[in-house]
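Scope of the values below: all heavy atoms of this structure, side chains included, with no hydrogens, waters or symmetry mates. For reference, positions follow the sequence shown, starting with 1.
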Amino acid sequence: MSVSLSAKHTEAFIAPHELEGMTAQLSAAAELVQTKSGLGNDFLGWVDLPVDYDKDEVCRIKAAAERIRKNCDIFICIGIGGSYLGARAVIELLKGPMHNTTGSTTPQIYFAGNNIDSEYLTNLLAICEGKDITVNVISKSGTTTEPAIAFRVFSELVRNKYGAEGAKDHIFVTTDRQKGTLKALADKEGYETFVVPDDIGGRFSVLTAVGLLPIAVAGIDLDGLFAGAQAARKELSLPGNDCYRYAALRNILYRKGKSIELLASFSTAFGQFSEWWKQLYGESEGKDGKGLFPASVTYSTDLHSLGQFVQQGSRNLFETMLWIEKPVADLTIGIDPENTDGLNFLAGKQVSEVNLAAFRGTVLAHNEGGVPCILLSIPAVNEYEVGYLIYFFEKACAVSGYMLGVNPFDQPGVEAYKKNMFALLGKPGFEDRQQELLAKLD
């Protein structure tokens, strides 16, 4: 398997018989996923997606991406939550977090519609000034506030620059197959559309058109991603696999009072992947008064900020550590004749060797400080391994959610802030609630 798990550093916290005792629950949860018969089963289309994906649409995505790459300097991906996190995670993991400045993606790729920050939008507009731009708006309904605002701004920019006819080559819409505001607009204006599937929720949608168009624009091999996900689909349906072990271990630790799971990586390129992971697990499990709180850190950076808390703070967390066995790039540390920094003992070593020592030292220190550590390693960072890792976490999330006794595929709590925001902004139909909220705020 491409993702391998070591539970060695959980042994002081989990006895062997505890894992054995979870076998029946684990098997039942896995069966619910495999047979698509559990809570929220209308949204289990991702299970067989690696082999059942729409081949014709993927061909259209590749063709559109090729045109976009030749047609613009800047590509703006508009979406929030699952509509952008998966694409951004894959792009930054495979192309590096500085891909726009290093030229590893052409065109440059930016993300909008994931906040309501006027300064961010203003700065992004300034970056677009004088450049050829293309927009991909991603929203099933077309009415989600954050992306809808951003699309208003950037679609106006595109239409003013290219005219109504020219805009057809610079606006792409990923939305519902048949209905909704965005679908109607795209049909009216003649924009090319791609489909947000009905049976796959946003946080599981990275390997659908939702994520694939931006990923393809970045020059990433879609076939490689699918190959990795196909291998994961096959291997992670077998009993006793590491995906199922991960789901079981995190549930055992949760029941022992570990309420926070800290996803730790030793590569800055994993930063946005961690953000995708946090939505995947937080939105899937955080309901009915249950669920682990998903947090993330990038080491060794965060060892100098949060490391103290992890080492000696509240013993309510465990770590899942991601390790890349073969770094994407490496450097040899030189020698300083003066040895000013006292680091000549490192001369001739690779930076990756130092990072490996930091990884090993951190695992031991945190473990001895009372933190269980689940270790996940992947051989390298490439399309195949990333496709496999995505499916690994999706499958583990679904199984873990069923073991927890929740519906892993709904998110009823997400609407609460929206209703309050609409009321405070005076949206028609929310007048009574507006007065109620203003009284509370006063």
Side-chain angles (χ1 to χ4, degrees), residues 57 60-84 87-88 91 100 105-196 202 208-219 421-422 425 427-428:
E57 182 172 55
R60 284 200 306 116
I61 288 170
K62 291 177 180 177
E66 194 59 34
R67 296 198 307 273
I68 291 167
R69 286 164 62 81
K70 295 176 179 177
N71 207 25
C72 69
D73 305 306
I74 292 177
F75 178 75
I76 306 291
C77 178
I78 297 175
I80 195 166
S83 294
Y84 93 101
R88 188 168 185 178
I91 291 169
N100 283 333
T105 59
T106 304
Q108 295 180 351
I109 299 174
Y110 294 95
F111 295 86
N114 50 65
N115 57 56
I116 321 175
D117 184 343
S118 57
E119 181 182 4
Y120 181 91
L121 272 176
T122 302
N123 288 338
L124 190 49
L125 283 168
I127 290 171
C128 293
E129 191 171 343
K131 304 288 181 64
D132 280 317
I133 66 169
T134 295
V135 171
N136 174 212
V137 58
I138 306 162
S139 174
K140 191 166 181 64
S141 68
T143 57
T144 304
T145 305
E146 293 89 343
I149 290 172
F151 186 54
R152 276 201 179 195
V153 170
F154 286 100
S155 61
E156 180 181 10
L157 180 66
V158 169
R159 289 193 302 270
N160 288 342
K161 187 176 182 68
Y162 303 106
E165 189 64 27
K168 296 176 184 179
D169 296 322
H170 292 270
I171 294 178
F172 294 81
V173 175
T174 307
T175 190
D176 190 89
R177 185 184 299 275
Q178 294 179 320
K179 63 183 185 298
T181 301
L182 263 182
K183 176 59 176 170
L185 175 68
D187 289 346
K188 176 185 173 185
E189 300 295 336
Y191 303 146
E192 185 168 3
T193 60
F194 301 98
V195 176
V196 177
T208 73
V210 170
L212 293 179
L213 180 58
I215 289 169
V217 170
M421 179 177 68
F422 291 152
L425 288 169
K427 183 175 181 177

Chemist: Would you tabulate the side-chain donor-acceptor contacts of residues 111-119 under 3.5 Å, counting partners in other chains and residues two or more places apart, or write 'none'?
Modeler:
residue	atom	partner	partner atom	Å
Asn115	OD1	Asp117	N	3.1
Asp117	OD1	Glu119	N	3.0
Asp117	OD1	Tyr120	N	3.3

Chemist: Quick check: do Thr175 and Leu185 have side-chain heavy atoms less than 4.5 Å from each other?
Modeler: no

Chemist: Per the side-chain hydrogen bond (donor to acceptor under 3.5 Å, both in side chains) rule, what does the pair list look like for residues 136-155, sequence neighbours excluded?
Modeler: Asn136-Thr174, Lys140-Asp176, Lys140-Asp198, Ser141-Thr143, Glu146-Tyr417, Ser155-Arg159

Chemist: List for me each residue that meets side chain to side chain donor-acceptor pair (under 3.5 Å) alongside Thr181, sequence neighbours excluded, and say none if there are none.
Modeler: none

Chemist: When rounded to the nearest 0.5 angstrom, what is the spacing between CD1 in Ile215 and CD1 in Ile109?
Modeler: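 If I round to the nearest 0.5 Å, the distance is 9.5 Å.
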
Chemist: Quick check: do Val137 and Phe154 have side-chain heavy atoms less than 4.5 Å from each other?
Modeler: no

Chemist: Applying side chain to side chain donor-acceptor pair (under 3.5 Å), name anything that partners Lys62, two or more places apart in sequence or on another chain.
Modeler: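 Residues passing side chain to side chain donor-acceptor pair (under 3.5 Å) with Lys62: Asp223.
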
Chemist: Indicate yes or no: at least one non-hydrogen side-chain atom of Glu57 is less than 4.5 angstrom from one of Ile61.
Modeler: yes

Chemist: Not counting sequence neighbours, which residues clear side chain to side chain donor-acceptor pair (under 3.5 Å) with Tyr162? List them please.
Modeler: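 For Tyr162, the residues satisfying side chain to side chain donor-acceptor pair (under 3.5 Å) (neighbours in sequence not counted) are Asp132.
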
Chemist: Supply the atom-to-atom distance Asp187 CG to Gln178 CD, rounded to the nearest 0.5 angstrom.
Modeler: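 Separation between the atoms: 10.5 Å.
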
Chemist: If you define the side chain from C-beta out and look only at heavy atoms, does anything of Phe194 sit under 4.5 Å from Leu212?
Modeler: no

Chemist: With sequence neighbours excluded, what pairs up with Arg67 under the side chain to side chain donor-acceptor pair (under 3.5 Å) test?
Modeler: Glu192

Chemist: Using side-chain heavy atoms (C-beta onward) and a distance below 4.5 Å, is Ile133 in contact with His170?
Modeler: no

Chemist: Does a side-chain heavy-atom distance below 4.5 Å link Pro147 with Ile138?
Modeler: no

Chemist: Supply the atom-to-atom distance Thr106 OG1 to Ile74 CD1, rounded to the nearest 0.5 angstrom.
Modeler: 11.5 Å

Chemist: How about Cys128 and Leu157: do any of their side-chain heavy atoms sit closer than 4.5 Å?
Modeler: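 Sidechains of Leu157 and Cys128: in contact.
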
